[in-house]
Amino acid sequence: MVERILPGIYVHLPFCHSKCTYCGFVTGSYDADLAARYVAALEKEIRTFFEVHPSSFILHPSADTLYFGGGTPSILAPDDLGRIVAACRDTFCLTEDAEITLEANPGDTARAGEWRELGFNRASLGVQSFLDHELRATGRDHDATDARRAFLELREAGFNNLSIDLIAGLPNQTLADWKSNLAHALALEPDHLSLYLLEIKEGTKLAQMVSAGRLPEIDDDLGAEMYEHLVETVTAAGFDPYEISNFARPGRRSRHNLKYWTDVPYAAFGVGAHGYDGEERFWNVGSIHEYIEKMEREGTARAGRSERTARERWHEALMMGLRLREGVSVGHLETRYGVDIRREYAGELDRLDAAGAIAFEGDVLRLTPRGVLVSNEVFLAFL
C-alpha cells in the first residue's frame, strides 16, 4: 500500500509591531480595524477555497500541518487566531496529530496559554539575537531578557515543541558575538533551532544602509566560519542538522517546512502567499489593502498561477532536496520527472565533485560540508 502524503497549510499574517531592518516580507503596522477586515477576508478565502479552486488538492482533502507565519502572527488577538484555526479545521479536516505552529514575538507570549487552548502545539520564537546592541540595530522591539522570559512562558504554557530563530552575519557581528548567541540559545534547551545566515534583500532598510556605506557588507569568510562553528556546536549538543539552516532534537523536525523541501503540496492563504497543489504554483496579490478589497469584492485574491513543466518541477525538487542532510535519490527524480541528472549534467557533476562540493552514495546525491557553504553556486550549476 502506498503511503499517503498529506499537504500542509500556510497562513500569512502580515502585521508587525515594527519593521525590522532586514525584513523583505509583505508586512505592515498593526491597526485594529484593518486587522479585523483582514481576518474576515482570510477566513473567507480559507472557507471558500474548494469552491473557488475546485481542482486544487482534489486527491488530498485533509492536511496534517498548519503554519502561521508573518509578519508577527502572535500580534493578533486569540479570538482572531481561533477563527482562522477553525476555518482551516473545517475546510481541510486537519488530522488529530496535526502540527500547528505559531511564529511568536517575545513581547506577546503572555497569551501562550490561550494559544495552547486554540490547538497550537508548536511555537517558533523570533529571537534573532541574545545581544541587546544587535537587537536595537536591527529594529527588534524586545531585548535579551524578554526573549528568555518568553521562552519560559511558552514552556510553562505547555509548549513541548519550541524553536528559536537566530541570525548569523549581522552587520558588525563578530565570531565571539555569534558564539555567545548560540550559547544563550542552547542554555534554554529548545527542541529546534532555525539558524540563518543573513541575506541582504533588495528594498529593505538594511540594503539601503549597506548601499550608502553606513553599514559594512557581509564578510563571506566570516559567515562561513560562523556556519562551521554553529554546525559543530549544535551537533555536539544533540541536534540533528537535517537541513542547511535547521537543526532539531530527535522527533522535532519541522514537519511543515519539510513539505517545502520534499515537493509536497501546500495551500497558502493571505496577502502575498504562495501555494503549490502538486502541479501548479499559485499566489495572491502583494498589497494588504488590495488583498482585503479583492476578497470583499471578488471573493478571491489570486494574482497568478504557473503550471510547472516536468523539468521545472525536477529542478525545484533537486534544489530543495539538496538542502536536506539525506540528499536526494536521483533515481526517484528520474522516475518522477523524466530527467537523468547523471547523463544530462555529467560535466557539472564532475566539476562539483572535483571541487569537493557534492558526493554520491549509491543512488543518493548529497552536498558535502564544503558544498553546504557554497550551496548557491551548486544550485546555479543546474540552472
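Residues satisfying the side-chain hydrogen bond (donor to acceptor under 3.5 Å, both in side chains) test with Arg148, not counting sequence neighbours, are none. The salt bridge (charged side-chain N to carboxylate O under 4.0 Å, His left out) search around Arg136 returns none, not counting sequence neighbours. Under the rule for a side-chain hydrogen bond (donor to acceptor under 3.5 Å, both in side chains), the partners of Ser129 that lie at least two apart in sequence or sit in another chain are Glu134, Asn181. Looking at residues two or more places apart in sequence or on another chain, you find no salt bridge (charged side-chain N to carboxylate O under 4.0 Å, His left out) involving Asp143. Applying the salt bridge (charged side-chain N to carboxylate O under 4.0 Å, His left out) test to Asp340 and every residue at least two apart in sequence or in another chain returns Arg343. In this structure Glu232 satisfies the salt bridge (charged side-chain N to carboxylate O under 4.0 Å, His left out) test with no other residue, sequence neighbours excluded.
Counting heavy atoms from C-beta outward, Leu42 and Tyr291 have side chains that approach closer than 4.5 Å. Side-chain contact between Asp64 and Lys259 is present, with heavy atoms from C-beta onward closer than 4.5 Å. Under the 4.5 Å side-chain criterion, counting only non-hydrogen atoms from C-beta, Val271 is in contact with Tyr38. Within the 4.5 Å cutoff, the side chain of Glu243 has heavy atoms near those of the Ser245 side chain. A 4.5 Å side-chain heavy-atom check between Leu193 and Leu186 finds at least one atom pair inside the cut-off. A 4.5 Å side-chain heavy-atom check between Trp115 and Leu154 finds at least one atom pair inside the cut-off. You'll find the side chain of Leu162 stays beyond 4.5 Å of the side chain of Leu188, heavy atoms only. Residues Glu312 and Thr309 have side chains in contact (heavy-atom distance under 4.5 Å, counting atoms from C-beta outward).
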- prompt: Run the side-chain contact (heavy atoms from CB on, under 4.5 Å) check on Phe379 and Leu318 step by step: do they pass?
  reply: CA-CA 9 Å; Phe379 299 155; Leu318 176 65; over 6 Å; no

Trace of the ring-ring contact (aromatic ring centres under 6.0 Å, His included) decision for Phe159 with Phe151: CA-CA 10 Å; Phe159 281 91; Phe151 187 91; over 10 Å; no

message: Test side-chain contact (heavy atoms from CB on, under 4.5 Å) on Asn257 and Trp261; report intermediate values, then the result.
response: CA-CA 7 Å; Asn257 286 340; Trp261 301 320; 3.6 Å; yes

message: Run the salt bridge (charged side-chain N to carboxylate O under 4.0 Å, His left out) test on Arg308 and Glu279 for me, step by step, so that the C-alpha distance in whole Å, both residues' side-chain angles and the decisive distance to 0.1 Å come before the verdict.
response: CA-CA 6 Å; Arg308 317 300 285 169; Glu279 297 290 339; over 6 Å; no

- prompt: Yes or no on side-chain contact (heavy atoms from CB on, under 4.5 Å) for Leu170 and Trp178, after CA distance, side-chain angles and deciding distance?
  reply: CA-CA 9 Å; Leu170 293 169; Trp178 178 236; over 6 Å; no

query: When you look at Arg342 and Glu334, which way does the salt bridge (charged side-chain N to carboxylate O under 4.0 Å, His left out) test go after all the steps?
result: CA-CA 10 Å; Arg342 291 184 188 268; Glu334 181 180 2; over 6 Å; no

task: Please step through side-chain contact (heavy atoms from CB on, under 4.5 Å) for the pair Phe360 and Leu349, ending with a clear verdict.
output: CA-CA 10 Å; Phe360 272 102; Leu349 291 172; 4.2 Å; yes

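Taken together through direct or relayed side-chain contacts under 4.5 Å among Ile, Leu, Val, Met, Phe, Trp and Tyr, Leu135 and Phe130 form parts of separate hydrophobic clusters.
Relative ring orientation between His274 and Trp283 is described as parallel, the plane-to-plane angle staying below 30° on a 0-90° scale split at 30° and 60°. Using the six-membered ring where Trp is involved, Tyr30 and Phe15 have ring planes that are perpendicular, over 60° apart on the 30 and 60° scheme.
Between the Glu228 side chain and the Glu225 main chain, no donor and acceptor come within less than 3.5 Å of each other. Here the side chain of Asn121 pairs a donor or acceptor atom with the backbone of Ile100 at under 3.5 angstrom. Distance alone, capped at 3.5 Å, is enough to place a donor-acceptor pair between the Thr235 side chain and the Val231 backbone. Using modelled atom types, one side-chain atom of Arg249 and one backbone atom of Pro190 make a donor-acceptor pair closer than 3.5 Å. Looking at Glu45, its side chain never comes within 3.5 Å of a backbone N or O of Ala41 through a donor-acceptor pair.
When all heavy atoms are compared, the tightest approach of Ala112 to Glu153 is CB-O, 4.1 Å. Minimum heavy-atom separation, Ile341 to Phe382: CD1-CE2, 3.8 Å. Minimum interatomic distance between Val328 and Gly321 (heavy atoms only, all atoms of both residues): CG1-CA, 3.2 Å. Between Thr65 and Leu94, the shortest heavy-atom distance links the atoms O-CD2, 4.3 Å. Considering all non-hydrogen atoms of both residues, Pro106 and Ala150 come closest at O-CB, 3.4 Å. Scanning both residues, Leu102 and Pro73, for their nearest heavy atoms gives CD1-CB, 3.5 Å.
Cation-pi geometry between Arg253 and Phe247 is not met: the NZ or CZ atom fails to fall both under 6.0 Å from the ring centre and inside 45° of the normal. Geometrically, Arg313 does not engage Tyr337 in a cation-pi contact defined by less than 6.0 Å to the ring centre and at most 45° from the axis.
With ring centers used as reference points, Phe120 lies under 6.0 Å from Phe68. Between Tyr67 and Tyr266, the distance from one ring center to the other does not fall under 6.0 angstrom.
Ionic pairing of Asp263 and Arg336 is present here: one or more N-O contacts between side-chain nitrogen and carboxylate oxygen are shorter than 4.0 angstrom.
Applying the salt bridge (Lys or Arg N to Asp or Glu O under 4.0 Å) test to residues at least two apart or on different chains, the pairs with a partner in residues 170-191 are Arg155-Asp191. Legend: side-chain hydrogen bond (donor to acceptor under 3.5 Å, both in side chains) pairs involving residues 363-383, not counting sequence neighbours, sorted by first then second residue: Ser329-Asp363, Glu361-Arg366. Counting only residues at least two apart or in different chains, side-chain hydrogen bond (donor to acceptor under 3.5 Å, both in side chains) contacts with residues 160-170 comprise Ser124-Asp165, Ser163-His192. Pairs of residues two or more places apart, or lying in two chains, that qualify as salt bridge (Lys or Arg N to Asp or Glu O under 4.0 Å) and include a residue from residues 88-107 are Arg47-Asp90. The list of salt bridge (Lys or Arg N to Asp or Glu O under 4.0 Å) pairs with a residue in residues 284-295, not counting sequence neighbours, reads Lys294-Glu298. Residue pairs meeting the side-chain hydrogen bond (donor to acceptor under 3.5 Å, both in side chains) criterion with at least one member in residues 348-359: none, sequence neighbours excluded.
A donor and an acceptor atom, one from each side chain of His12 and Tyr10, are located under 3.5 Å apart. Looking at Asn105 and Ser74, their side chains never bring a donor and an acceptor atom within 3.5 Å of each other.
Screening Leu324, Ile244, Val374 for a side chain to side chain contact (heavy atoms under 4.5 Å, CB included) with Leu367, the sole residue that qualifies is Ile244.
Residue His133 qualifies as enclosed at atom NE2: its count of foreign heavy atoms under 6.0 Å is above 12.
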